[in-house]
Every structure is written in C-alpha cells, then in structure tokens.
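Only one structure is covered here, and it is reproduced in the block below.
Predicted, not measured: the structure shown is a model, and the values here were computed from it.
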Amino acid sequence: MADSKEKINIYADWNPWHGCTKISPGCKYCYVYRQDKMYQSEKPSNICRKNQSFDLPVRKKRDGTYKIPSGKIVFTCFTSDFLIEDADEWRRDCWKMIRERSDCYFYFFTKRIDRFSVCMPDDWGDGYDNVIIGCTVENQAMADYRLPVFKSLPIKHRSIIVSPIIERVDISKYLDGTVEEVSTGGESGVEARVCDYEWILFLREQCVEKDIPFRFHQTGAFFRKDNRLYRIQRGYQLIQARKANIDYRIGEYFIPESAAKCYAKKEKEEQNKQI
C-alpha cells in the first residue's frame, strides 16, 4: 500500500479555464471569488477566460513523454465549472484531450448537470471509462432538481457531492448502484455558513443503509457539534474531518471505490511492465 507521500503524487490539476457565474445558494461565498480577491485578480471572477494551461494534458517533455504521467487522477476545472456556457467553444478540444489521455482519470464537479446532454462529445455513448463526474448539491432543493437529471444521464463513474452543505439533506431515494460515492463537507472562508455534524451523520446513515461509499472531506470554517460551535482554521478543516473517522468504503486514493480499483489495477500493470 502506498504511503501518504506517494498518494499525493498520483494527483494532478488541470484548469483549462477560470472564472464562473454564481447560479445557486451554494455559490454565495465561492472560493474562486475569494481567492481572486486575495490575489488581486485584474479580471472579475464571473468572467470566464481560457487559461495558458489549456492543453496541459497533451503537453510533452523533450523526450516525447507527457508532462502529466500515465495513471494520474486529474482534478479538472476546479476554478470554474466544466459545463459552464461560456466555455462551450473550448470544451470540444478538452474532450479530445481527455479521450487521448485514456491512461488518466479526469474528475470534475458541476452545478450545471442539466447542461450535460448538450455538452457531451459525439462519441460519448454510455460514458468514457476515464471520466468521473460529481454532481454538486448544497441543499434539498438543489438535490431534488439536479439529482434526477444526473441519474438519467449516461455516465460510468458518478459521484454526489453535497458541498458546501448548508442544511440537512435527504438523498436516500437517489442512492443505488449507479452512485459510486457520496462526499460532503462544510463551507470555507470567513463568511462561511455553519456546517452541522448531525447533517453529516444523517448523510452517512443514508449511504451505509444503501451500501454506498461515503466521505466526509472537510468540516468547513464554522462547525457545529453537540450544540457547540467551533471556528476551524482552513489548514485544519480536512484534517479534522479525517479525524472524525466516519468515512465508509472509500478507496485508497480518495476517489470512488470502483475507480480506485481500476486505478490500482493499472498501477500494477505498469509495475509488471517494469519488472
């Protein structure tokens, strides 16, 4: 089993574009807007623009190998939304790169799952093997709007991301074998809304009952437990969530369990080639 340092090395980041328009309550204190303000970005955060790293997945080194090595789990478009309307003219090229790099997993979250049918590539079929899609919901209203759409789509690796969780959410009727993981967490930032531990445990209960992998990925800045409110610094929000030790059936690489098994299989195959 890989140690924690080796696990970190399996990840890569790819942000083909930056900037996003707020569309629902979970967007209110968006971390992208907060970071842009902190770094004094010259352009407004709601203006989507193509990044210089747009073609990162297919860039190569002098020796002809890819800059992103085979087998990486590529967190995709985390400073925007992969399905945002503003990027429609660029997305086709991204799908081509994702298809070319079938040796890597591409993982993106979206609040715009209702646009997926008009954004997917022509050869999508029942989904690409190397694409993991997380549908983000933050409250009951968004869960009941987005998740029926999400469930109806042809997607092979499917996650539900209840984050930032801002109220008690019941997603039990959407949980079945097509959902590979539920992940949840509170909101970061000085203006963050409270995350109640009871909401987290309620989600976990739903997942355990349906035998769906569950992950508590961060506490958020303001965390309520046993009627006590805690202010948790940003650097400790992931650590404290992990210390709660309530994850259920989460794979070694903190991705959906079935995808983690596929990754481990590929990793073993690569090791055997080197022997």
Distance from F54 atom CZ to N15 atom CG, nearest 0.5 Å?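 Separation between the atoms: 12.0 Å.
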
[X] bridged to [Y] by N-O distance under 4.0 Å:
| X | Y | answer |
| --- | --- | --- |
| R228 | D226 | no |
| R146 | D114 | no |
| D86 | R91 | no |
| R158 | E180 | no |

For [Y], is the NZ or CZ atom of [X] found under 6.0 angstrom from the centre of its six-membered ring and inside 45 degrees of the ring axis?
| X | Y | value |
| --- | --- | --- |
| R168 | F202 | yes |
| R224 | Y197 | no |
| K28 | Y33 | no |
| R215 | Y248 | no |

Could you check whether Y174 and D144, counting side-chain N and O atoms only, form a donor-acceptor pair closer than 3.5 Å?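 A pair is found: one side chain offers a donor N or O, the other an acceptor, under 3.5 Å apart.
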
Are Y236 and Q218 close enough that a side-chain donor and a side-chain acceptor fall under 3.5 Å?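 There is no such pair between these side chains.
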
In terms of hydrophobic clusters joined by side-chain contacts under 4.5 Å, are V74 and I98 together?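 Same cluster: V74 reaches I98 through Ile, Leu, Val, Met, Phe, Trp or Tyr contacts under 4.5 Å.
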
D123 atom CG, over 12 foreign heavy atoms within 6.0 Å: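 More than 12 within 6.0 Å, yes.
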
Give the C-alpha distance, both sets of side-chain angles, the deciding distance and a yes or no for side-chain hydrogen bond (donor to acceptor under 3.5 Å, both in side chains) between T136 and R112. CA-CA 9 Å; T136 301; R112 293 169 169 80; over 6 Å; no

Minimum heavy-atom separation for D81 and T110, please, with both atom names.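 Taking every non-hydrogen atom into account, OD1-OG1, 2.8 Å.
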
